[in-house]
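Right, one structure below, let's go through it.
Counting convention: from 1, in listed order, for ligands and their atoms alike.
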Amino acid sequence: MQITTYPFPQAITEKHFYGKTAIVVDVLRATTSIVEALKNGATQVITARDPAEAMAFYSHFGKKDSVLAGERGGLRIADFELGNSPLEFSEKVVKDKTVVICTTNGTQAIHACRGASRLLIGAMRNRAAVAKEALKQGEDITIICAGTLGECSLDDVIASGGILNAIIKQLEVSPELNDFSSICLSLYSSWRKGEIEMSGITHYKKLFELGFIEDLSFCFELDKTDVVPKYSNGSIKG
Ligand code: MLT
């Protein structure tokens, strides 16, 4: 089995995930928020590429049955009900509703990978569960970090390493890894040993400065849920 990890979706085209199981990771915070929304009873999550598309989806599903969420620069988009803090996607807010979400990098990464054989949404909180699900079909696996506007983001690298670590633990034969997968694994191991200064990570620092302090610890908690969001025909369900 081959497992290939990429630092951002701009590094790949359809050939990189065609016929494979893909996992998109935007640990801070889009994929964590999607996991949380489905864990708390949302019927589905619809990702939009920009605020106008999100508004159009929201009008389609209607105010009664849907919730409009998203961020720009880490902050809630004007006139949207929710931002992109996973803590906002509580049962009270999302249960039995369609969540329409638009974020700067995470929802773009999901859109870029929609041609994969299977597309799963990964985070630290569903790490072991997404690893188990990824192995179900026995296909090669592509992990795509959302990154930040075409640049590598260390938070996603650590989280992808965590998912890789959980996948490898479940395999009897070592998989073939690309070099970036090995980098992710190594940085995850350093993170586990407390060797990474999190406040030095650009997006971590930005969210800290914006006051999303609780989000930072929440997003980096390991294996808190078995919910594995799966994308199919424009909709993500748990
Ligand atoms: C994104 O998609 O760029 C992020 O999830 C940003 C954020 O932390 O809200």
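- Closest approach of Ile12 and His16 over heavy atoms only: CA-ND1, 3.4 Å.
- Contact of the Arg127 side chain with the Asn165 side chain is registered, since non-hydrogen atoms from C-beta on lie closer than 4.5 Å.
- Hydrophobic clustering of Ile, Leu, Val, Met, Phe, Trp and Tyr side chains at less than 4.5 Å, counting indirect connections, unites Met124 with Ile201.
- Taking the ring axis of Tyr231 as reference, the NZ or CZ atom of Arg114 does not stay both within 45° of it and closer than 6.0 Å to the ring centre.
- A 4.5 Å side-chain heavy-atom check between Pro175 and Ile141 finds every atom pair outside the cut-off.
- Using a 4.0 Å heavy-atom criterion, the residues that approach ligand 1 are Asp26, Leu28, Arg29, Ala30, Glu71, Asn84, Thr103, Thr104, Asn105, Gly106, His203, Leu207.
- Once rounded to the nearest 0.5 Å, the distance linking CG of Asn105 with CD of Glu151 reads 10.5 Å.
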